[in-house]
Student: 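This structure is in structure tokens; I'll ask about it shortly.
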Amino acid sequence: MNVVFAVKQYVSKMIEDSGPGMKVLLMDKETTSIVSMVYTQSEILQKEVYLFERIDSSNRETMKHLKAICFLRPTKENVEYLIQELRRPKYSIYFVYFSNVICKSDVKSLAEADEQEVVAEVQEFYGDYIAVNPHVFSLNLLGCCQGRNWDAAQLSRTTQGLTALLLSLKKCPMIRYQLSSESAKRLAECVKQVITKEYELFDFRRTEVPPLLLILDRSDDAITPLLNQWTYQAMVHELLGINNNRIDLSRVPGISKDLREVVLSAENDEFYANNMYLNFAEIGSNIKNLMEDFQKKKPKEQQKLESIADMKAFVENYPQFKKMSGTVSKHVTVVGELSRLVSERNLLEVSEVEQELACQNDHSSALQNMRRLLQNPKVTEFDAARLVMLYALHYERHSSNSLPGLMMDLKNKGVSEKYRKLVSAVVEYGGKRVRGSDLFSPKDAVSITKQFLKGLKGVENVYTQHQPLLHETLDQLIKGKLKDNQYPYLGPSTLRDRPQDIIVFVIGGATYEEALTVYNLNRTNPGVRIVLGGTTVHNTKSCFLSSAGFNRMGGILPRSVLMAFCFPSKKLNDLILKHSISTCTCSPFLQ
Amino acid sequence: MASSYPPPFDDPGEVREGFLCPLCLKDLQSFYQLQSHYEEEHSSEDRDVKGQLKSLVQKAKKAKKKLLKRESDDRADAGSQERYESFSYGGVDPYMWEPQELGAMRSHLSDFKKHRAARIDHYVVEVNKLIIRLEKLTSFDRANTESAKIRAIEKSVVPWVSDQDVPFCPDCGNKFSIRNRRHHCRLCGSIMCKKCMELVTLPLASKLTSASKEALASHTSPNSSPNSIQGSRRGSISSVSSVSSVLDEKDDDRIRCCRHCKGTLLKREQQIDEREFTPEIVKLYEKLRLCMEKIDQKAPEYIRTAESLNAGETTYSLEHANDLRIEIQKVYELIDALSKKILTLGLNEDPQPHPKTLQLQRMIRYSATLFVQEKLLGLMSLPTKDRYEELKEKRKQELERKLQMAALETQRKQEEKQKDMVSRSSAALNGEVPHLKKATVKNSEGWLPTSSVSRQREIADPLLQQIDNITSFIKQAKAANRIDEVRMLQENLRQLQDEYDQQQTEKAIELSKRQAEEEEMQREELQVLCEKEWEREQHKAMSQHLRTRSLDFREIKQHQHEVGKDNQNLIAHILDLDTTQIKSSPSSKTPSPNAAEQLASKEKTVFSIKTGEASQCDRDQNQTSLNPFEDEAATTLIDEDSTNPFAEDAAQVMSFPTKALYNDKKEYNPFENDEEDEETNGAAVSSPNPFKGDGDPFQKGRSVQNSGNPFDESSSTNPFEVDEEISGEEVIEEELLLQQIDNIKAYIFDAKHSGRMDEVEVLTENLKDLKRTLAKQKEKSNC
């Protein structure tokens, strides 16, 4: 059930099968991101893959001494490119792998193009999704629905991605979907269709309890992506944006060249792997330890290398030092930037009110706090709009709804038109009319008990009170209590036992908060394995875009969010000194 | 009310009693039902209910604080457990999910091949047809044949399309006329205009035809199927005479053909070229890979050896480890050099290679650098000779401590048992025959002290004393015919025996240790040595003495010997000596001489290691040098040492091993040599070497190190070789410096590449320092 491992195995197999010798990996745009999520450059270099080329790139040279491994999505364009390539082969031998089911006619036309007999392998390897974490995958599709209905191309891509996932994990599941969402039903049907059509492929060894695919719709819980996050991974995505494990720091002026874009991958970065689910305060102290550790190992710069022994020690330790300095400077920069944004945008206070809006039902106090925050000049228009959105979603039908007044406040604050329009767009996307289950005042007995218990315990951490709706849904699913009338099965058969292997797919995108929830559920429920997927992994920005029906990221990205900050000195030393102070001063959780 | 509340906290799903609605006081079956009751019946009083619930919460909070606290504690425990155990009773971290098999896949290769085969056959036939015709067209002497005859031959090869059938050029569509004449393709017979006509030169033709002949002759590998297929197919038809190469470039020397035929031929030519051409980069790359494989094989072996040596074990010899290290380092250098060569391939050529080629080269270099960095990191350094000695000491001491602990333990037990036995035996006797008992007890008690006293004069060892006592006990018991007692006593005796063996071994170890120390100090006079030898003789005699005794004792109980043997094995194991050696040694039957045997073997090991180390000093110096001659010298030196018959002698005689250790010239009298060694040592310590003492920091470090370490000197500084050695050393220093400079340059390159300017600065500083040093050195050597 480990999706990262599944894709990695596919890629490793491709490389192994091609035998020894210099290799080039020929990919398309999507497979490039798929591979880059599971393999680092240095890792793949060790397997003798030295060049990475795009099949559509015209700037490729003929290099007959290279073997080509082609990993492509089976699209019409790719097949056409490959035909051209085979007619005039640039490499000595071709190993062709498609990431999904390819039709027979395409195979035929490829075969006919291979007059020089350079193709040694044609296979389908179903690595057709982006493996984010072992239990999280994404398809990197933004704006997959137009209104309430699927965009045809996106629907077929989503179906492909989801079936590829099932194939790569060797699961032939029963399917449940969210009844209130038309798109969930459509997708479920499409997946079922593929399973029926390719029944030979889906003929896996039967397990005692069949796996379960649960298809949900984002519109049922529009709250979760609107909240500020405080765990490392989620926070980085919310404030800086993670794209295929990459973080763009180029908007931080004065940043050194090699930190423009950093990679955060739990596969290769131990610190990240250990800290991605920890909250900001814990990371602050961990990063301090990391730096102390590092400073011990750091060679003294001004030290004269007096003897051969000194020299040798220096040269021998240098690579290790360099490796570590890479990790340290990366995380120090990222956490430094995070803490700067937090204090600059007054996020602690904002987050507190957000959580209050999301988790509590005290209208007047919430309204009061919001009004206060909207007056605060430090709160950005982005955050202000976000607060109003949360308010609009929660108190949509409240008797003393004062949304118009808040909208006026927004206008007075100088929040631009496009943000204000988003408020109504969000309500339309995820408002009460659309929701199948109640987000705020749950009618379900179990959840009331939960809320009740929470009230008893008091709030442990004001910034992380919110539990995404997904937690409830999955919890019930695991206990076999998820209502059939809300989440019906597709087809006649139903699951009598409690499910063990669960794949949840969220149309409209999952969030890292939900990834954390699923991670915790995995850890606390014996015998249960849950994989979470979504058309994308959201942060507030991307959620704005999809809910507003925008298809491309375009110019709406609030630059102010990524407003840069100048480090006065590029020297690592200064960086460390600076951030060791700043990360330690803003630790609201350390109590 | 309050009493009805606690249950839900335990498990809301199971407790089903006493749920009263706070508003209508209706008894509901469960908390759920209570809640739904609220929702249904009192939804209008929403606020009110919540308010009431809240107040209840306040109450319950106090009551339940303890319970909740415990609950959360439990959870925390479970959490921490899960962090470390992937299979805790809770769930599993997704990172630790059990490995899964490779996902589904489906091959289309057979389909693909089927379609391709159909296509390929067609294509291959086309090409072959053209080649055969080309052969026919070029098989006669074109220059000396009349053009009419040529035309006739050409027409016979392929039927020409008749002129009337083709009014327009099929390629460009121009109308044929008197000015735009028709031309026939000699290869397929089709018609085209002059503009569209292509020509095949004779050299090209001969190249194509001869290549296919070669392919037939050499039967190229079946993998390159298109070519071999063509070759074999053509083979049945081809009967080609030699092609005359005509140099004059008349129109007749070229063969007219259409574009399509020319295109096919050119493709074929390209294939031929590619098959024969192996680019430089491939050759270098193959070498590079070979080196990497070698490293992958050797490095683990080395790491194992080095780990063992660093732990002070004697399983591997330091000398061998050094060999291995040098070997590995050389391969690394080779990798470095090869990848550098690949990096700079074609950089000086004009035109510059394609950027992708350059990228490929860069990537290969990068991966080689990564490889070296990663593997070199794991390559721990070996202990220096001195350090190794220390480590060995430490380990030995540790072992001894362990042994002593064990010895004390057994001794304690022994005493206890003895006491126990005495009391028990007396008790048992008491119960049996009172009058007889009195006599025996008295007898044994009375006899015992005298025997020990008498023994004490001879043997100081209390253990031996005890053994004697017990033997006499046994005798008495036997005489008294008390089998039980005899057995017990025998048991006791055996334990004592073991104990004694252990002690003996310890002594041996201690002795060898002391000797090792003495060797190191090189202060021991021959006299002392002789004394030692005498001492040892005494020891031997002593153990001999014991052997007779223990043999005696073996007569009584045979199985005891086996136990003793076990014990030896244990000791041998602890000592990390060669167990097989001891087992196979004939004297292993008797424990005490075996101790001496162990001593001997111990000394042998010490000796061999010493010799290894002696040569290791040389190693240390030219470890990183590239000069092959020095290495050879070093190896021969080792060979000499290891095959040195004197070594065995020394081990056997055991009186002069220390001298032999540092004896490079075996024909020398050990005594003389000793003096010499001492002289050189003295020199090394007292006066810094004139060749080195010029204030050069590296040299200084070196010389200080050397002088502080007399063994390095004594081992290599044979008075006859001094000059050579030193000049050699200088070469080494230079080599080392150069290498370091190279390393640093590589790092600078790397750092620049990734834009870490501060690092570059530091490194450049270092580089400058090094260069300055190197310049100084060169000046000096020139002087």
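Sequence lines set the chain letters: A, B, ... in the order given, protein chains first and strands last, and positions in each chain run from 1.
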Student: Are side-chain heavy atoms of A/Val119 and A/Asp114 found at a separation under 4.5 Å?
Tutor: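 When only atoms from C-beta onward are counted, A/Asp114 and A/Val119 do touch, with a gap below 4.5 Å.
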Student: Return the CG to NZ distance between A/Leu201 and A/Lys170, rounded to the nearest 0.5 Å.
Tutor: 11.0 Å
Student: Would a 4.5 Å heavy-atom cut-off, applied to side chains only, mark A/Lys8 and A/Val11 as touching?
Tutor: no
Student: Who among A/Met63, A/Lys108, A/Lys104 has the most heavy-atom pairs with chain B under 4.5 Å?
Tutor: A/Lys108
Student: When heavy-atom pairs shorter than 4.5 Å are enumerated against chain B, which of A/Leu167, A/Ile102, A/Val531, A/Asn2 gives the highest number?
Tutor: A/Asn2
Student: Against chain A, label B/Glu286 side chain, backbone, both or neither, depending on which of its atoms sit under 4.5 Å from a heavy atom there.
Tutor: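 It is neither, since no heavy atom gets under 4.5 Å.
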Student: Please look at A/Gln41 and chain B and tell me whether the side chain, the backbone, both or neither of the residue comes under 4.5 angstrom of a heavy atom of that chain.
Tutor: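 A/Gln41 touches chain B through side-chain heavy atoms alone.
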Student: What part of B/Phe112 lies closer than 4.5 angstrom to a heavy atom of chain A: side chain, backbone, both or neither?
Tutor: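 For B/Phe112, the contact with chain A is made by backbone and side chain together.
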Student: State which residue, out of A/Asp106, A/Leu110, A/Val107, fulfils the side chain to side chain contact (heavy atoms under 4.5 Å, CB included) condition with A/Phe98.
Tutor: A/Leu110
Student: Which one wins on heavy-atom pair count under 4.5 Å against chain B: A/Lys171, A/Gln9, A/Glu200?
Tutor: A/Gln9
Student: Side chain, backbone, both or neither: which part of A/Asn59 has an atom under 4.5 Å from a heavy atom of chain B?
Tutor: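 For A/Asn59, backbone and side chain are both near chain B.
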Student: Report yes if the side chains of A/Lys13 and B/Met105 come closer than 4.5 Å at any heavy-atom pair, otherwise no.
Tutor: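 Heavy-atom side-chain distance check passes, below 4.5 Å.
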Student: So, do B/Leu290 and B/Tyr285 sit near enough that their side-chain heavy atoms are less than 4.5 Å apart?
Tutor: no
Student: Against chain B, label A/Ala120 side chain, backbone, both or neither, depending on which of its atoms sit under 4.5 Å from a heavy atom there.
Tutor: backbone
Student: Is there side-chain contact between B/Lys113 and A/Val122, with heavy atoms separated by less than 4.5 Å?
Tutor: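 SC-SC contact between B/Lys113 and A/Val122 ruled out.
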Student: Considering only heavy atoms, which portion of A/Val49 lies under 4.5 Å from any heavy atom of chain B: side chain, backbone, both, or neither?
Tutor: neither
Student: By a 4.5 Å heavy-atom criterion (distance strictly below it), what part of A/Glu43 contacts chain B: side chain, backbone, both, or neither?
Tutor: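 Neither the backbone nor the side chain of A/Glu43 comes within 4.5 Å of chain B.
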Student: Short question: side chain of A/Lys64, backbone of A/Thr62 - any donor-acceptor pair under 3.5 Å?
Tutor: no
Student: At what distance, to the nearest 0.5 angstrom, does CD1 of B/Ile342 lie from OH of A/Tyr50?
Tutor: 8.0 Å
Student: CG/A/Leu86 to CD/A/Glu117 distance, rounded to the nearest 0.5 angstrom?
Tutor: 12.0 Å
Student: Which region of B/Arg289, side chain (C-beta onward) or backbone (N, CA, C, O), has a non-hydrogen atom less than 4.5 Å from a non-hydrogen atom of chain A, or is it both or neither?
Tutor: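 The side chain, not the backbone.
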Student: Given the options A/Arg88, A/Glu53, A/Arg60, which has more heavy-atom pairs under 4.5 Å with chain B than any of the others?
Tutor: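 It is A/Glu53.
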Student: Is A/Asn522 close to A/Val518 at the side-chain level, that is, under 4.5 Å between some pair of heavy atoms?
Tutor: yes
Student: At a heavy-atom separation under 4.5 Å, does B/Arg116 approach chain A through its side chain, its backbone, both, or neither?
Tutor: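 For B/Arg116, the contact with chain A is made by backbone and side chain together.
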Student: Name the region of B/Thr357, side chain, backbone, both or neither, that has any atom closer than 4.5 Å to a heavy atom of chain A.
Tutor: both
Student: Which bit of B/Leu102 comes within less than 4.5 Å of chain A, counting heavy atoms only: side chain, backbone, both or neither?
Tutor: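 Contact with chain A involves both backbone and side-chain atoms of B/Leu102.
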Student: Closer than 3.5 angstrom, by distance alone: can the side chain of A/Glu124 be matched with the main-chain N or O of B/Arg106 as a donor-acceptor pair?
Tutor: no
Student: Any idea which of A/Tyr519, A/Phe204, A/Phe125 has the most non-hydrogen atom pairs under 4.5 angstrom with chain B?
Tutor: A/Tyr519
Student: Measuring heavy-atom distances to chain B, does A/Phe95 have an atom under 4.5 Å in its side chain, in its backbone, in both, or in neither?
Tutor: neither
Student: Please flag which part of A/Val96 lies under 4.5 Å from any non-hydrogen atom of chain B: side chain, backbone, both or neither.
Tutor: neither
Student: In terms of heavy-atom proximity below 4.5 Å to chain A, should B/Lys267 be classed as side chain, backbone, both, or neither?
Tutor: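 When you check distances to chain A, only side chain atoms of B/Lys267 fall under 4.5 Å.
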